[in-house]
Amino acid sequence: MNPPPPKSPYSGVLHQVPGSPSSALQREICQSDDDLAIVLASALQAHAAQPPKSPPAINKALQGNLTEFAAWDLGDQYWLLYDREMSWATNAVSPWKASSSDGLDILALTGETNFALLVVEIKSSREHGANLVTGGNSSLQSDFAGLFAGSVQNRLQISLGTVLCGLRFQGRRDLEEQVKTLVGESPSDSPGVNLLGVLFCKQGSTTDVEKRERAFERLKSILLTSGWESAQISFRSVELGNFQQFLDRTVTEATR
Amino acid sequence: MISPEALKHAAQARGLEGLEHRVAAAIRGYVTLQDSEWVLLENTLLRLVLDAATLSEIDLPIPDGRHDLPLSLLCRALSCSARITSYQTNYFLSLAALAFASAANFSTASLVASQALSFPELSPFERWAMSVLSDRSLTLDREETPSVLRRYARLEQSAIRSGIELDFLRADRAFYSGAAEWSRFFNPVDAMLLLFWAQVRRRFKSLSASRILSSSGNIPSSYIGALLRTSSPLLYPTQAEAIERFDLLNPVRNALITLPTSTGKSLLGELAIVASITNERPLGVYLAPYRALADQIFRRMRTRLSQIGVTCEARRGGYLGDQPIDGESRTVLVATPEAFDAFLRLRPELRNKIACCVFDEFHLIEQPIRGLRYEGLLGRLKTGSSARIVSLSPVVQPSRQLLDWLSIEERHVIASAWRPTARRIAIARPNGRADYFTPGDHIDGDPQRPSWLGTVPFPHPIEAPIRSYAHELRIHDEAVATNVASVALDQHTRFKQPVLVLATTRDQTRTLAARISSGLSLLEEDDPARVLAIEIRKRCPYLHTLPSCLDYGVAYHNAALPNWIRERLEGLMSDQRLCIVSATTTLAEGVDLPFRVVVMADWRNWLYGQQRAMPTLLFRNIAGRCGRAGAFTEGDTVIVDNPGRRPEGPDFDARYEDYIRLYIRPQPQNLESSISQAVVANEDQSLKELNAALESQFIAYLDFAKPDEGQEESDFSASLFAAQFDGATSYVDSVTHAFVEENLGDVEFPVIQRHSPLALTDFGRGVLLTGLSPRSGVSLGRFLREYNGPSEPGVGRSVRRRHNIFWEPLIAGLHGAIENDNAFVAELTSGS
């Protein structure tokens with residue numbers, strides 16, 4: 001296993017997400033699914049919510065929670081997406097929950113002086129996952145398109161409460177006013193918001209990769225039409241040789 | 001982190017006031033908001049919630065009705081935005097509840113939190129926070145407390161109850177060390193709620209009854225313990241300010257407390273008494289001008305006072321009955337003015353035992369006769385004792401004359417515009433349009449224009465009758481009653497909550513109740529209102545209308561009803577078991593009953609011999625009665641346009657101007673003595689009643705204050721509030737002088753005698769105890785001397801037998817005397 005990259009030297013700073021859309025993150029960290037599973041299992045064991053005594057069955061909710069946790073925990077330590085001190089994950093309270101909480105998966109503040117709000121949505125598929133990019137329901141498209149429309153619960157406005165609350169109790173009240181101004185009333189009115197879609201999926205064939213690439217491009221185009229700027233949008237996929245086996249291995253390791 | 005001023009600017013920039021009015025119109029059913037409009041509105045509110053949530057805990061808005069207005073508007077709009085729709089909106093209630101608490105409005109927070117709890121989808125933190133707020137005792141350590149919060153909850157609860165600074169510091173540490181961890185994992189709504197919770201904690205400390213009362217040094221700890229067991233551990237902001245800023249518990253200084261309804265005046269009166277009574281001055285007096293109010297106050301006080309060895313006695317009758325108070329043990333007397341007047345007449349020697357006397361509903365001194373009794377009592381105490389005087393009123397303006405009379409400096413007047421519930425006043429026009437105004441609730445809107453418009457059913461768009469012919473007036477009255485009944489039914493249908501219809505005469509209460517009940521459905525047989533109807537039919541078969549109305553959840557309430565019925569009706573009103581009640585002002589003025597809407601059937605009443613516009617202070621007092629704190633978040637008063645019966649009465653435009661001038665945007669109104677008002681009105685019957693009351697107060701003053709020889713009349717008039725007004729003093733002097741001259745010459749029934757100074761005769765002391773005027777006492781003396789018990793006449797005897805009516809010769813004799821002599825006993829014909 002490659003040694004993990006060093007922890008970000010910046011405090012409260014988020015890195016620019018490197019590479020072009022859909023560049024796979026997994027290969028940057030470890031050489032195999034098993035290595036990634038061990039890293040993730042170790043993080044799960046270190047988490048405040050202790051793993052169950054016996055391996056739980058992997059249903060859809062647990063799959064979602066584990067991958068969200070992977071994106072939150074490893075995204076800080078290994079993929080340098082953001083600094084975890086300045087990020088808040090809806091389901092981080094317990095990755096082992098039998099259900100998932102509503103809301104944006106991860107919010108993070110990025111930047112050094114002019115902060116931006118990174119909205120991270122995580123999807124996981126045991127297949128190529130293209131349908132989770134631009135599909136009708138529960139896709140990255142529906143999540144991002146719904147940020148300024150539809151259900152109020154998912155609006156960025158109220159999600160900012162999470163960030164403000166975190167800042168307040170971490171002693172960073174000086175950032176409150178800046179953060180409140182990040183979100184406007186529409187995408188074009190919110191240049192301080194960045195979107196990051198992360199897809200956990202099976203590596204699959206070249207055709208699968210192409211399908212995914214096309215889905216990402218299509219989604220980007222849709223978001224541009226609705227007022228987002230290109231610089232505000234990025235996608236990453238974590239491609240695994242066998243997604244099911246990866247999860248099984250992770251759970252087994254974490255509950256050992 | 002923002003300041004209250006910055007929140008105000010944000011609220012103005014985002015048009016919060018207009019949004020709040022829009023939502024208010026929507027929840028009343030006057031407008032329907034499209035989904036897109038709701039979404040826009042919700043987003044704006046949520047953006048402002050972010051601002052409110054980032055107010056600094058150490059610089060929260062002062063709860064004074066002005067600085068906290070933007071936050072209050074936001075809270076109201078939020079609480080009205082939870083509704084049934086395709087996505088979840090119930091969290092608006094949770095946000096509103098905590099924002100209300102952050103604004104120091106815990107009574108409304110409690111109500112809204114209870115509504116939030118009716119939804120099943122609450123997170124553990126949300127459920128805990130709502131359970132705590134909805135619980136009057138504010139128990140933080142409870143079954144619902146999430147385990148991670150338990151330690152903090154215990155410490156906070158103990159701090160609120162002890163009021164000790166160190167305990168608050170411990171709770172602070174537990175909260176901030178815990179919150180850093182909790183905040184990482186809270187969902188967005190919980191995170192927002194946690195931000196507000198940090199603010200609410202500040203209010204816990206600033207309003208902690210235990211902290212405030214312990215710091216005052218004048219309230220025994222056993223009393224504080226009893227207070228915490230019987231009411232909320234937090235004081236209202238108005239109460240906290242009265243004690244901490246205005247030093248209310250200073251046992252020497254007189255006080256004038258002018259705070260809106262439902263802001264805790266009664267408890268302040270109670271505290272003033274507790275802080276004042278000593279072994280040397282063991283008597284405290286709380287005067288409540290209405291029986292129901294006296295009962296309410298007595299029930300609340302009794303338990304607490306017993307914890308500190310103080311006896312609480314209720315006296316709510318008139319001038320009859322014994323008054324066994326020894327004047328040695330610590331006692332608080334809760335009494336009607338009549339009962340206390342009787343007490344002072346019977347036991348004038350206790351004058352120096354009274355430590356403090358609280359005059360509740362103090363503005364009553366403006367009312368004819370009853371007002372004079374208040375005025376006379378206060379004048380007597382001011383002159384003949386050194387009792388501390390504490391006056392309570394929701395509407396009084398502290399004028400120079402009033403402050404001089406009460407011996408209070410202007411800087412010591414305890415006043416605030418803070419109100420826990422919003423006040424809306426609507427004018428229902430003959431064309432069916434209702435103009436809603438929100439006086440005093442503007443941050444940028446135009447107070448000259450209606451805040452929103454509604455529509456109400458107005459079947460008869462009438463003007464004043466053309467001629468004063470009986471049949472035309474009858475038709476006119478029926479049309480007016482139909483209009484009022486339609487508006488009342490409409491308001492009840494909109495809110496599904498109790499409506500009070502205010503009538504000016506007893507007859508009108510009955511007419512309106514009957515008309516309204518025809519628009520409602522029959523209640524279930526076991527409904528408490530129908531159970532009472534059965535009992536009334538059995539015990540009072542002559543009352544036809546009331547039980548018929550009760551079958552439909554409607555009642556009328558006036559002084560003509562037997563006491564037991566009035567009390568039972570008040571019980572039903574208190575439990576919100578009646579849909580609509582029509583009542584005279586007596587009910588609306590005094591008792592704190594839960595009505596969502598007050599409908600004004602008429603805006604004029606008979607005063608000093610002619611029909612006059614209802615005084616502004618009276619209207620404000622009545623309007624303040626709807627929307628009781630803790631029962632509703634807002635209260636509406638609807639003035640139903642009534643052209644009156646005078647053919648030459650003003651047209652609608654002129655009436656509308658009057659409504660605006662008198663009730664919507666009135667100039668500050670100074671309190672006036674009822675004596676000076678009667679003197680200015682110069683109407684025979686009013687002056688006759690005034691003279692009788694003045695003479696009665698005069699002899700009470702002579703006996704109590706023991707003025708110097710030659711100063712009796714002038715001292716008495718100088719003791720009255722009327723002395724502050726030109727012309728009134730000379731009138732009082734002339735009345736008392738004429739009485740003295742006349743009675744000193746009465747050898748048969750002398751009430752007073754020259755005894756250096758004037759003193760009461762034995763007969764005079766007997767008259768004194770009746771509360772009647774000395775002239776009436778003399779008339780009764782003469783009547784009884786000649787009374788021979790007339791026998792029952794044959795006419796009507798069989799009818800009386802059939803209806804079980806007994807012939808009472810004394811009553812018949814008195815009736816005959818009244819018939820023969822118009823000046824016989826003034827009180828018998830005036831009803832006072």
Side-chain angles (χ1 to χ4, degrees), chain A residues 47-49 69 72 84-95 97 100-107 119 146-186 189-190, chain B residues 1-3 6 10 14 35-36 38-57 81-82 85-92 95 121 123-125 146 148 175-199:
Chain A
H47 190 268
F69 179 74
W72 185 59
R84 209 172 70 180
E85 283 299 303
M86 297 293 248
S87 71
W88 295 269
T90 304
N91 286 303
V93 61
S94 171
K97 275 197 309 183
S100 294
S101 300
D102 290 339
L104 304 172
D105 295 339
I106 301 171
L107 289 171
V119 179
L147 282 178
F148 287 97
S151 164
V152 174
Q153 182 74 36
N154 289 333
R155 299 279 163 72
L156 275 174
Q157 206 75 274
I158 194 162
S159 296
L160 275 186
T162 310
V163 179
L164 292 173
C165 186
L167 292 174
R168 162 88 59 97
F169 297 112
Q170 287 170 35
R172 296 303 308 269
R173 301 196 67 163
D174 54 312
L175 300 180
E176 283 179 357
E177 286 312 294
Q178 198 179 333
V179 167
K180 279 193 290 185
T181 59
L182 292 176
V183 178
E185 288 168 12
S186 65
D189 196 22
S190 310
Chain B
M1 187 161 56
I2 65 167
S3 66
R14 293 180 187 276
D35 284 349
S36 56
W38 271 118
V39 166
L40 201 62
L41 188 141
E42 287 158 359
N43 272 330
T44 309
L45 294 182
L46 286 174
R47 181 61 185 79
L48 286 168
V49 164
L50 289 179
D51 284 326
T54 50
L55 280 166
S56 166
E57 298 102 293
S81 296
T85 186
S86 59
Y87 51 90
Q88 275 202 0
T89 55
N90 58 300
Y91 66 89
F92 278 97
L95 285 171
E121 314 91 353
S123 72
F125 176 70
V148 292
F175 176 74
Y176 282 102
S177 63
E181 186 60 25
W182 312 328
S183 65
R184 297 206 60 78
F185 307 118
F186 271 12
N187 68 42
V189 172
D190 279 357
M192 206 87 91
L193 297 180
L194 189 62
L195 286 169
F196 278 117
W197 188 266
Q199 299 171 2

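Keep in mind that what you see is a predicted model, and the values were worked out from it rather than measured. Chain A is the first sequence line, chain B the second, and so forth, proteins listed ahead of strands; every chain is numbered from 1. As a basis for the values below, the full set of heavy atoms in this structure was taken, side chains included, without hydrogen atoms, waters or symmetry mates.
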Is A:A48 in contact with chain B via its backbone, its side chain, both, or neither, using a 4.5 Å heavy-atom distance? neither

CD1-CZ distance between A:I158 and B:F92, expressed to the nearest 0.5 angstrom: 6.5 Å

Given that the side chain runs from C-beta out, which part of B:F196 has a heavy atom under 4.5 Å from chain A: side chain, backbone, both or neither? neither

Where do A:R168 and B:A198 come nearest, in terms of heavy atoms and distance? NH1-CB, 3.7 Å

I need the A:T162 OG1 to B:L195 CG distance, nearest 0.5 Å. 9.0 Å

Would the number of heavy atoms belonging to other residues, nucleotides or ligands and lying under 6.0 Å from CD of A:E185 be above 12? no

Among B:D35, B:V49, B:D51, who wins on heavy-atom pairs under 4.5 Å with chain A? B:D51

For B:R47 versus A:T181, what's the shortest heavy-atom pair and its separation? NH2-N, 4.4 Å

Parallel, tilted or perpendicular for A:F169 and B:Y176, by the 30°/60° rule? tilted

Using the side chain to side chain contact (heavy atoms under 4.5 Å, CB included) definition, which of the options B:D190, B:T54, B:L194 pairs with A:C165? B:L194

Start with the C-alpha gap between B:L50 and A:Q157, add the side-chain angles, then the distance that decides, and say whether side chain to side chain contact (heavy atoms under 4.5 Å, CB included) holds. CA-CA 8 Å; B:L50 289 179; A:Q157 206 75 274; 3.9 Å; yes

Tell me, side chain or backbone of B:A179 under 4.5 Å from chain A's heavy atoms, or both, or neither? both

I'd like to check B:M192 versus A:L164 (side-chain heavy atoms, cut-off strictly below 4.5 Å). Are they in contact? no

How would you list, by chain and number, every residue that makes a side-chain hydrogen bond (donor to acceptor under 3.5 Å, both in side chains) with B:S183, sequence neighbours excluded? none

Between A:E176 and B:M1 (side chain of the first, backbone of the second, donor and acceptor by atom type, cut-off under 3.5 Å), is there such a pair? yes

